Structure formats: structure tokens, C-alpha cells
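A quick write-up on the structure given underneath.
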Amino acid sequence: MADYSKEEIKRIEEKWQQRWREQQVYKTKTDPSKPKYYVLDMFPYPSGAGLHVGHPLGYISTDIVARFKRIKGFNVLHPMGYDAFGLPAEQYAIEHGVHPAISTANNIEVFRNQLDRIGFCYDWSREVRTCDPKYYKWTQWIFLQLFDSWFDRSKQKAERIKDLISIFEKEGNINHRLPNPPTGRTGPKSKIQNFGPSEWKKLSEREKEEILMEYRLAYLAYTDVNWCEALGTVLANDEVINGLSYRGGHPVVKKQMRQWSLRITEYAERLLKGLNEVDFSESMKDIQRNWIGRSEGAKIDFKIKSEKSTVSSMTVFTTRPDTIFGVDFMVVAPEHEMVKEITAAGHQKEVGEYLRYVESRSEVDRMAEVKKITGAFTGAYAVNPFNNREVPIWISEYVLAGYGTGAIMGVPCGDDRDHRFAKHFSIPITNIIGEHYNGEEANPTYDATLSNSDFLDGIKMKDAMQVVIEKLVALGIGEKQVNYKMRDAGWSRQRYWGEPFPVVFKDDMPYAMEEKELPLELPDTNEFKSSGSGEGPLANLKEWINIGPNEKRDSNTMPTHAGAAWYFLRYMDPHNEKEFASREALDYWNQVDVYVGGSEHAVAHLLYARLWIKVLHDLGYLNFDEPFKKLINQGKITGDSRFVYRIRGTHKFVSHGIKDQYETDALHVDVNIVDGFELDTEEFKKWKPDFENAEFILEDGKYICGSAIEKMSKSYFNVINPDKIIESYGADTLRMYEMFLGPIEQSKPWNTSGIDGVYKFFRKLWNLMHDASGEINISDEAPSKDELKVLHKTIKKVEQDINNFSFNTSVSEFMICVNELSSLKCNKRQILEPLVIALSPFAPHITEELWEKLGHKESILNAMYPMVEEKYLVESSYEYPISINGKVRAKMNFALDMPKEDMQKLVLASDTVQKWTEGKDPKKVIIVPGKIVNVVL
RNA sequence: GCCAAAGUGGCGGAAUUGGUAGACGCGCACGACUCAAAAUCGUGUUCCUUCGGGAGUGAGGGUUCGAUUCCCUCCUUUGGUACCA
């Protein structure tokens, strides 16, 4: 009757997918009687290209885990949704006039169909779309929580703004000074820095708001944006590559705009420490640590000697206070506000010219010439506090205004950049590290013993650090300081297709909208081009923007990170209209137990999500402050492209091996008309009208294509659609094969050459349970010891592999199992039933079918994962490899509980050992129980 | 430049509290079935070999009875980051 044929596979998969849908078997409920498990995929951006075989790689792994945990007795939350706001839909709208809402909905439809065909067990009743007003109402609401909070440094947590106001009323800001101004920010800011309670009370409403803005976790400030004149728009950092726009390659310049930012820098330390609590790969943690960029050092005040006395001192940040006596000059960032104050009359011209030069430099120039040494002397001097030595103050663009204090002390013998600077401008170099400095290049060692260093002479640099810091503190001219590279997160986008900011500007100051007014819906429009002045498309909608005399909305929208920063909470309670999720659901589902997605989101998405969860936790909405317990980064599946070589100016195509004899152009050719490397020349002629009259120069009668591993992309014609694989092999084979390809975290090219092996595995399993005529054929006989051993060995290993996310080896275990059962000709129910259950997470369709054939009425999802019975696995004896001087020469079987002395005697008496030792007594015999016996001569 | 990960047959890859390297799959070779081919099934498959054995996990060194696994130096590849003091 039924063979495991293409037709049968199709019938089985359609049958079960339909049944799952009808019976809603994947619907999940909050059920405190069961332990919970939350398995999450990074939700996709629904692009127009649909799914390719690379997308499901991570989804298959989570699907296996979700199904596995479910049959292990967990209540599993395994949802899916769409990161539906974003630039491509907007770009598509500009080019084709299709509203982003429509194209996005269409794309989601395509995605959903493709996902369903792979047999995923998502609870679709919990689907979220970030562009749905019912969803982004809460994105806006959380944004307002950030707006309404500040970071209390003494408690290291977020608090409400109203608490800050009452602190100000009682004691001013003496205990809560202004946070460091956001790096890179130069625009106007609150003029009042420090104040007492009476001063606070005297301030106007507006002045109070300005000060509060300096504390809010979501705040408005003038910050640099990447302005692209040619595109008439602002670009995100990742849309700028080497100073040029990602689309079109136009020059990009910095431009100041008043924008929203998130004060993520206040959370730098907690974001860093939190990494110790979560199970992310070390390299992932390193990338985040790197990004946060913590560095310990000191800030040191230097007195200034200049013509004008308006500025009497400057502060530098250094990680090497131990090198204080090696300071030969100071460098200040050109943008630093003290520059014009200290510049001597005689140096005005030189400094002015240099400032103009710096201003003229575009990002591209700076990127291209990082090693170029430039600078100007201000004519002012700084005084070393320890030896009163006067050193010149320079300005140079290698010192960044946005990091530390925007000023450094130059120690040429210890720092490479300082050294090159000193050499270039002929500044004399002081050597404080003796022979460690060769006069040619700087040596950033920590190991040298200091000399020329006054009270530090003879002290190791490592130890001098502490000595200097103590002295600085004692003198009141410096202290220990920690700096972070991380910047506050720019949160405004000059775009249409995103969440509007839920604020109203009155007199240019933003005020939060009330919760009952949310969501602030994105207005409908047909005009998606930016307004040209650097504002987003919403600025064109005057009626929407201007809501009253002197009352305006924000024309910007939030970045896509906003919706993605908390979506995993919404899945817990997706239809709640009163809260972003109920406390009950949040407490029950809690952290995401395992989160799977691409490493391209390692920095931005993960940091923002971690930030939002920490803030919500601080404000009392959550009882956990890290969202993801475990993170797996699945590798990308790359495409394996094929090329044909056209002889220039002709329609002749030459085979790869002989192409060098001609002048040719390589053209991508659709991988679907190439068999391995051999081109189907007839199909090629039909592929595109241009090639209708193609002629071929063959080698050995074949046209051989060239190849390259590239990103899977439509334009390279190397995209493999999963539907195509499902068409010929079925979803179960696709799933198993993608898992079998290699470790989930590794990137690899797609290659179908091994897929037959997986298909054969299913057929063998099928044949095990069916007779020659295709009828189910199961025996109720009691299984043998061998059969039980094979089964239990397999389920034990597979269980371990799933827990380790090592799916490629679990597929191998199943193959070994079926091979062994085939050679035992085992068709016994007591073996095959547990095996089918264990296989069900990997191959849900065929296992449901077999499960039904085994006489079960309920879905296999309700089965229990088989218990491993160790008694079938324990061995009483073991065949020991006998190695002589490290080389295995023989094998001998011993009971595992045999005393070592007895084993040693038997080993030494054996023929093989006698032969190799030639009668001599060995030096020693090492016996590792259950492992190996080694005889050392 | 800096940080991290990786380097194993013809190919994808297995094996690490140090214990028989190459599991499993692909490919290839041979055999069975067939008039024949395909499909299927079975056997073999790291390399060299005078058939005793020898070499072998990027290269070189070290620790060890024993190293793919630990340590040092170097090479290559991939990812991250970059004038961050």
C-alpha cells in the first residue's frame, strides 16, 4: 500500500498540519500547576523576499526544544511575531507608492504560509506585530516610563521623576549632581548646574523642566545625526558605511538636531555586571563588554598658565596615572569649549586655521586618514602638579570631545599616538621607563620600574598607579575614575514607518501624553518622502503636527529597536488592553529560558532589550532584571553561487576551466539550473531572453560553472526556497537536514548533497514498521536486551544533545539507532513507540502519523518523553584497550569490578604484552578503570 | 592595531574534567538484484607500506605513561571593534 514516497509525505504533512490547526493543539495557557519553559526566536522583519533556507535554521532548533520540553512535562511558551516597522517597507513605499501597512501585511501573509509548511508549533493566538496600534500603545507607554524616570546613582536604579522633584525641594541637587553631559552633545543645555532647595523653588516652570530633562532616562538634546544631503535624510549609524550612505554611496556629514536619546550610559555598569548572570557565549559577552568599553583610570586637574586667566585649570582622564612624570604636553579636542579661552594672541591665527580645517573634514576623510598627524599649539601651558613642570597645550583631532574629559595628558614614551605626535611636532620626550624605551617607538608596558619620576622612582608601574591616585586624592586634584565608551542611544528617526513619540510640545518642551490618550496613532498619508529640512515625513502633515496654538507633536518616530525591546513580554499576555502584560503572566512566564537568533543583533537589540527590562524592573513592574537566561546565536546559511563567463561583447559563454584564454565577464546564474557545477545549457537559454541565442564553449562536453560562497540574496540567484525542498523531500527531511548540517552556531553554505541520507533514514524507519506491502506491521513481543540497549542509549544521548543545543549529533544518534534496529530486524512496539516519541520534536509529521498507526487517538504532543532506564545501559565488563608506551596493541575484556592488581597480572601475562616487552619488566602499568590500560616500558 | 572564535579524510562534520582520532552522513570503489540503467540493499573507504608496521588533527616547541583536548611561539581564516587616552 503506502510507501514513504513523495505522495505519501505530502499527504501526511497536509493531513497533520490541518489537524493541528483545527484542534489548536499549540495553544498555551498560563498554568501555575506546571513548570514553565519559555523558548523564543528573534522575531523576523517580514521582508518582501520571503523565507529562504537560512531563516528556519534557528526556528527549527527552537521548535525542537519547545516540543521536547512539552513532552518532558513543561508548560511551554513558544510564540512568534513580526518586527514590522522598518525602513525597507518605507523605501518600498517611496519607490512603488504602496503603503507600508499594506506591503507589510502582504509580506507577513507570505511568511506565515511558509512557516506553516515547516510544521512549527507556534501559538499563533499570541502573535504580535510591532506596527499594530494595540501593540505600540504599550511601546509608547514604556517610553513614557523612561521619560518619567531618572537614575539614582547612589541606589544604582531608576526612580520616578516626582521623587527627584521632592529631593530637589528638600536639598537641591547636592547629592544628585547632573549626570555627565551625553557624549557628542554640544547644543544648548540647562545653564543652571548646581542648586540648593531655595534656588530650585525660585526657578520658573520652564527652567525646572530643563533641569529635569538633564536627568530623564528618555530625554531630548541636541545630538549629531548622520545627515545625507543627496538623500535629503538622516541615516542610522548602521546605514552609514565608511562615511558613505548604505544606499547610493553618497557622502554623509554630521548635523546637529534636537532628538530623543535614552540615557543607557547610566546603566553601563549594571549592563556589564548583568552579563555575569546570563548564559551567553563568551564571544557574545565579549562583544557587549567591548561595546560598553569600561576603562578604569583617574581624572587629574592641571593648572593652566595662559595670557587670559578666565580658565585656571583643566581636567584630563587617563588610564595611566603612573606615567604622570612622563607628561610632555597636553592635547585638547578641537571642539572643547576651553580652546578659545586659553589660546594666546600670538597663536590665534594658527589655531583658527586648524579649527577650520577640522570642520572641513568629512567623516570619510577622517576614516580614511586616521593615522594622519595634525594639530596646533595654543600658546598656553599646563603645570604638572607634582613637579611644577610646564608643558605646552595643543589641540588635535585625535582627541575626541565625546570621551572622558575631551582632554588628555601626552606621555610619548608610553603611548603610541602621543609618541607619533611628539615626533611629528618635535616635542622633547621624557623617558621614565629606562631601557624599556628605545627612542624609536612608545612602549605601553606595565612592567617597567619608573625613573625620572620623583617620588615614584624605583616603583613598578603597576604599583605606582595606586600611589599616584592616593596622592591626587590627598591633594584634592584628582580621583579614581571609570569611563565607558558606550554612548547614549539616539532614539529619534526622521522616518514615517515607526512609533510616534507620545508627547506634546508646549513652548518647545515635551510633556507626556496621558495613558488614556494612547496609542498616539501613526497618521495615514501617501507622502513618505522626508520633508527635506532634515525632519521626517510626518513634518509634512501640518494638521497632525500642530494641535493647537503653540502645541506640537514630534515629527520623528522611534527606531525599530523600540518595538523589539520588549515584545517578548507582550507574548505573555498579548490581548491585554489594560496593561502591557498582567503581573500574573509576567511573574509566571518570567525570563526567556532560551533565546535564539542571529549574532548581528548582538549589540543593539540585546542591549536595548536588557535596558528596558532593567528599567521596568526598577520601577517595580517585573521581578527579574535580565530578560534572557540563555542566548544562542545561530550561524547564517550562506548561498553557494554559480557563475557563467561571457566573452566580452559576444553571446558566447566559455566553461570555467578554459575561461582564462578569453577576456570574459562573470555573471551570476540561477543555481536552480545548475547541477553541481554543470550548467543545463538548454534551461539557461530559456532562463532570460538575453540568453536565447547563447553559444557555449564546452570542456569535456560539459559547461562547468564557477562558484563562490556569498550571502543568500535574490540578486545573486543563489536563494534556495524551503518550499522547494519541502516539495521534493517533505518538511521533516528539511528540518532534520538543516539540523544535521553542522553546529547551530556555525555559519555554513547551503548544500543539498547530503539530504538523501536524511531521507533514507526516514524511509528505513518507515520500513521498520511496515511490511513489504506497506501495511503497518508491529509486534507486541517482549524486546531483547540488545534492542532495549539500543533504544535507551539513543534516548539518553538525544536528550543530552538537545540540552546542549547539539542537534547535528542527535540526528546522528537517531540514524545509528535505526541502522542498528534494522540489522536486528526489530519491529517491536516497546522499542518503536518510545523511539517515535523521542523523534517527534525533530520530525513532527511522520511521527504523528506513525503514532496514530500505533493505535493512539491523541496527538503525540500529549505523550511523555520516554524515561531512560540506566539498568539497560550498565555494563558488567569492558574491553580495555591495552596500550604499550602510548600505542594501542591489544584489547582484553575484564569485569569492571576486577581489582587493579588482578588486572595487572593478567595484562602482563598476556601474549601480546610478552611479545612487546620481550620478557623485560615494565616500569609501570597505569590502569584507568573503564578507560584504558597503559604499559610503560 | 586590539579583542574573540576557529583550523581534523575527497566533502559536511564527530570525539575535550587528557584515555582506541575520523562517529554519522555525503562522495567514491566493489558486490548483489537487473537484459541494461536508475532506484534499492550489502561491503570497503585517513595516508604511506617491503603487510612487520610507520605517519597523522594548521606549523614548531613544551608538560605527560598518554595531547585534537593543557601551556608557549608562529601562520591562516572568520566575526567584532577601531585615534576611546
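Lettering of chains follows the sequences in order, A, B, ..., and the numbering in each one begins at 1. Computed from a predicted structure; not experimentally measured.
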Problem - Close aromatic pair by centroid cut-off 6.0 Å: A/Phe762 and A/Tyr759 - result: no

Problem - Integer-rounded Å distance: B/C83 P and A/Ile395 CD1 - result: 19 Å

Practice task
Would you kindly give the NZ-to-C1' distance between A/Lys931 and B/A67, to the nearest whole Å?
Solution key: 14 Å

Handout entry: Pairwise 5' ranking along RNA chain B for A/Glu879 and A/Ile926, keeping only the more 5' one
Key = A/Glu879

Problem - For atom CD1 of A/Ile287 and atom C1' of B/A4, their distance in whole Å - result: 7 Å

Practice task
For A/Arg763, report the nucleic acid contact type (base, sugar-phosphate, nothing); a contact means any heavy atom under 4.0 Å.
Solution key: sugar-phosphate

Fill in the blank from the handout: Atom CE of A/Met739 and atom C1' of B/G13 are separated, to the nearest Å, by 15 Å

Problem - Ring centroid separation A/Phe805 to A/Phe807 under 6.0 Å - result: yes

Practice task
Would you classify A/Asn819 as touching base, sugar-phosphate or nothing, given that sugar-phosphate means primed atoms plus P, OP1 and OP2, and contacts are heavy atoms under 4.0 Å?
Solution key: sugar-phosphate

Practice task
Indicate, with yes or no, if the rings of A/Tyr729 and A/Tyr737 have centres closer together than 6.0 Å.
Solution key: no

Practice task
Would you mind reading off the distance between A/Phe280 atom CZ and B/G79 atom P, rounded to a whole angstrom?
Solution key: 22 Å

Exercise for the section: Take A/Lys891 and A/Glu282, find for each the nucleotide of RNA chain B with the closest heavy atom, and name the residue whose nucleotide sits nearer the 5' end. Expected result: A/Glu282

Exercise for the section: Give A/Asn751 one of three labels, base, sugar-phosphate or nothing, depending on what nucleic acid heavy atoms sit under 4.0 Å from its own. Expected result: nothing

Practice task
Indicate whether OP1 or OP2 belonging to B/G12 is found under 4.0 Å from a side-chain N or O atom of A/Ser753.
Solution key: no

Exercise for the section: For B/A82 and B/C3, measure between their C1' atoms and round to the nearest Å. Expected result: 11 Å

Exercise for the section: Mind checking A/Ser747 for me? I need base, sugar-phosphate or nothing, with any heavy atom below 4.0 Å counting as a touch. Expected result: nothing

Completion exercise
Of the candidates B/C24, B/G19, B/U20, the side chain of A/Ile816 sits closest to B/C24

Problem - Touch class at under 4.0 angstrom, heavy-atom based, for A/Pro749 against every strand present - result: nothing

Exercise for the section: Please report, rounded to the nearest Å, how far the P atom of B/G80 is from the CZ atom of A/Arg289. Expected result: 18 Å

Handout entry: Short side-chain N/O contact from A/Gln746 to OP1 or OP2 of B/A6, under 4.0 Å
Key = no

Practice task
On the 0 to 90° scale, with breaks at 30° and 60°, tag the A/Phe814-A/Phe842 ring pair as parallel, tilted or perpendicular.
Solution key: perpendicular

Practice task
Look at all strands and tell whether A/Val935 reaches a base, only sugar-phosphate, or nothing, counting heavy atoms closer than 4.0 Å.
Solution key: nothing

